[in-house]
Amino acid sequence: MCCRVFFNAAVVFLVFLVSIIVLGFSEQFSVCESRARKAGLDAVVPIGCGDAAAGDGELVMFSCDMTQEGLVAGELSTGQGEFESMLSSYIGTGVKVVAEMYQCVETRHSSRRRGGTYYTYSKDWKSTPMDFDNSFELSDNDFRSNCNASNPAWPEQVPRSGNSYVQKVKTGAFTLLEPYPSMIPLDTPISGHPPADWEMDTGDQFTTSQYVAFKNGIGKMRVNFYGTDWSNPMITVLGENNRSRLQPWVAPSSWLCSGWTLSHLLAGRVSKDGIFASLEAMANEETWYLRLTGFLLAWAAFRCLLNVLTGPLEAVTDGIDGMLDSIPFVKKNLCELGDAVRTITCCISCVPAAACSLLVIGIVGITIRPWLGIPLVLGMVLIVVGLAAWKSGYLGKEQEESEEEDVEVAKDANASLLQINPLWHS
């Protein structure tokens with residue numbers, strides 16, 4: 001028991017520490033990205049496509065057509081299994097593969113009223129092999145009625161979902177190095193003569209049933225390939241011109257922001273304001289993703305802590321649930337007390353998680369930019385003060401009600417005594 005408590009405490013500490021790191025980095029990322037964009041907006045030099053020496057050593061942006069110069073037919077066909085022959089004539093900056101198998105999908109559920117963990121099964125298209133956690137799935141009634149067959153292994157001849165890119169791309173007089181080739185959109189379907197036992201359906205999708213082992217369709221495959229749209233080859237690029245080679249531009253160092261870079265690529269002709277607005281939108285999305293991740297980790301840490309503190313209470317409520325299960329009407333119509341306790345503790349743990357998240361973000365914000373960090377810290381203080389005020393008011397109300405009850409009891413006692421002996425009043 002003691003070892004379990006220490007283990008849970010260690011888990012809580014580690015998860016909470018990771019949440020602090022993620023939340024702190026989210027604020028640093030937001031500030032440093034903003035500073036880099038501002039510096040880049042002031043330093044960027046718009047140039048044309050023909051002069052490779054224009055803006056050498058500086059942050060430049062230009063809109064030019066991609067060319068197929070230096071690209072080799074079939075260089076992206078390696079590792080594409082049965083489709084290597086079909087892709088041997090393809091020329092592009094990259095290939096996106098979307099491969100799926102029709103599989104039996106297992107979904108895990110938890111209910112103490114149903115004896116703990118149970119599983120349900122359905123059939124769906126999935127891009128990764130699906131395994132079963134339930135070692136008794138073959139004898140499960142839901143499995144037999146919905147699947148009644150295990151998933152076959154992913155065929156080695158069929159490629160997996162993923163993207164592959166060339167190492168460099170020519171556009172005008174410039175050469176785009178990594179990470180620019182991976183920024184070029186791959187949304188044009190690639191068609192061709194399919195391999196043996198494959199068919200091409202509508203939308204340039206390739207399907208086959210050669211790997212199906214049972215009549216329920218499990219094992220059927222479908223694959224889509226997407227590549228470069230050479231009918232609209234124009235792109236707008238932002239980066240540092242290093243002797244005609246484009247690479248990420250390193251922004252000037254500032255307080256707590258060192259080594260931040262700018263690089264971007266968009267399809268079509270985009271203005272300077274447009275490309276920087278796109279960078280800002282991407283940074284904001286990533287910032288909120290990091291903040292949400294940090295908050296959820298903090299929530300999980302406090303939830304785990306409350307689990308340790310309310311463990312005895314959950315054990316009691318689970319015991320009561322077990323006794324109530326013997327009453328059919330109660331078992332069918334009432335919810336579980338144990339689940340109610342867990343729901344309440346989950347909701348309660350959200351409050352300190354929010355306060356701690358605001359505190360961490362506010363501290364980092366004050367360190368980097370006080371004008372934003374101070375309101376966040378004030379928000380955390382308001383939450384804590386509000387909780388303290390609520391607790392104080394709740395306890396005070398309980399005390400007043402207790403005192404009023406004592407007074408009423410005393411009055412009732414005096415009245416009873418007077419009825420027994422009226423002479424006591426005189």
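These figures come from a predicted structure and were not determined experimentally. In what follows, residues are counted from 1 in the order of the sequence shown.
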Could you state the interatomic distance from CH2 (W125) to CD (Q103), rounded to the nearest 0.5 Å? 9.5 Å

State, to 0.1 Å, how close Q80 and S164 come at their nearest heavy-atom pair, and which atoms those are. NE2-OG, 4.2 Å

Take atom CD in E199; do more than 12 heavy atoms of anything else shown fall under 6.0 Å from it? no

Heavy atoms from other residues, nucleotides or ligands near CZ of R160 exceed 12 (cutoff 6.0 Å): yes

Name the atoms and distances for all side-chain donor-acceptor pairs under 3.5 Å in residues 10-24, with sequence neighbours left out.
| from | atom 1 | to | atom 2 | distance (Å) |
| --- | --- | --- | --- | --- |
| S19 | OG | F16 | O | 2.5 |

Using only atom types and a distance under 3.5 Å, with no angle test, would you say the side chain of N146 pairs donor to acceptor with the backbone of S122? no

Test your reading of the model: is there a side-chain donor-acceptor pair from N151 to the backbone of M130, 3.5 Å cut-off? yes

Do R37 and L262 have side chains that get closer than 4.5 Å, going by heavy atoms? yes

Answer yes or no: is there a donor N or O on one side and an acceptor on the other, between the side chain of T287 and the main chain of A283, under 3.5 Å? yes

CD-CG distance between Q247 and L177, expressed to the nearest 0.5 angstrom: 7.5 Å

Going by heavy atoms in the side chains, are Q210 and P155 under 4.5 Å from each other? no

Is any side-chain heavy atom of W255 closer than 4.5 Å to a side-chain heavy atom of V31? no

Between W299 and S349, what is the shortest heavy-atom contact and its length? NE1-OG, 2.9 Å

Is any side-chain heavy atom of W230 less than 4.5 Å from a side-chain heavy atom of M66? yes

Evaluate V169 against I235 for side chain to side chain contact (heavy atoms under 4.5 Å, CB included), listing each step before the verdict. CA-CA 11 Å; V169 178; I235 55 175; 5.8 Å; no

Given 3.5 Å as the limit, does a donor-acceptor pair link the side chain of S30 with the main chain of S26, or not? no

Is there a side-chain contact between P195 and Q157 in this structure, where contact means two heavy atoms from C-beta onward sitting under 4.5 Å apart? no

Grab the two heavy atoms, one from N216 and one from A149, that are nearest each other, plus how far apart they are. ND2-CB, 3.3 Å

Donor-acceptor contact present, side-chain T171 to main-chain D65, <3.5 Å: yes

Answer yes or no: is there a donor N or O on one side and an acceptor on the other, between the side chain of T236 and the main chain of V270, under 3.5 Å? yes

Between F225 and Y90, is the gap from one ring center to the other below 6.0 Å? no

How are the rings of W260 and F25 set to each other: parallel, tilted or perpendicular (split at 30° and 60°)? tilted

Can you establish whether the number of heavy atoms outside K168 located under 6.0 Å from its atom NZ is more than 12? no

For the SG atom of C104 and the CG atom of D131, what is their distance to the nearest 0.5 Å? 11.5 Å

Has K220 got its NZ or CZ under 6.0 Å from the middle of the six-membered ring of Y102, at an angle within 45 degrees of the ring axis? no

Please enumerate all residues that pass salt bridge (Lys or Arg N to Asp or Glu O under 4.0 Å) together with E240, with sequence neighbours excluded. none

Any side-chain heavy atom of E280 within less than 4.5 Å of one from E33? no

Can you name the nearest heavy-atom pair linking D204 to N224, along with the distance? O-ND2, 3.7 Å

Is the backbone N or O of L238 less than 3.5 Å from a side-chain atom of Y180, with the two atoms forming a donor-acceptor pair by type? yes

Residue from T93, T188, D187 passing side chain to side chain donor-acceptor pair (under 3.5 Å) with T228: T93

Interatomic spacing from CD in Q28 to CG in L256 - rounded to 0.5 Å: 6.5 Å

Is the closest side-chain heavy-atom distance between P152 and I218 below 4.5 Å? yes

Enter the distance from S77:OG to E84:CD here, rounded to the nearest 0.5 Å. 5.5 Å

Of all the heavy-atom pairs spanning M101 and A153, show the shortest one and how long it is. CE-O, 3.9 Å

Do the two ring centres, one from F174 and one from F62, sit under 6.0 Å apart? yes

Measure from the ring center of Y119 to the ring center of F143 and say whether it is less than 6.0 Å. no

Between N232 and M234, does the side chain to side chain contact (heavy atoms under 4.5 Å, CB included) criterion hold? Intermediate values first, please. CA-CA 6 Å; N232 295 291; M234 178 167 288; over 6 Å; no

For D197, does its backbone N or O pair with a side-chain atom of T208 as donor and acceptor, under 3.5 Å? yes

Hey, mind stepping through L76 and L87 against side chain to side chain contact (heavy atoms under 4.5 Å, CB included) and telling me if it holds? CA-CA 8 Å; L76 295 170; L87 295 173; over 6 Å; no

Kindly indicate whether the side chain of F276, heavy atoms from C-beta on, has any atom under 4.5 Å from the side chain of K272. yes

Donor-acceptor contact present, side-chain S357 to main-chain A353, <3.5 Å: yes

Distance-only, no hydrogens or angles: does the T175 side chain make a donor-acceptor pair with backbone N or O of R245 under 3.5 Å? no

Nearest 0.5 angstrom please: L186 CG to Y165 OH, how far? 5.0 Å

Using the test salt bridge (Lys or Arg N to Asp or Glu O under 4.0 Å), find all partners of R222 that sit at least two apart in sequence or belong to another chain. E100

Looking at every non-hydrogen atom in both residues, tell me the closest pair between S254 and R35 and how far apart they are. OG-NH1, 3.2 Å

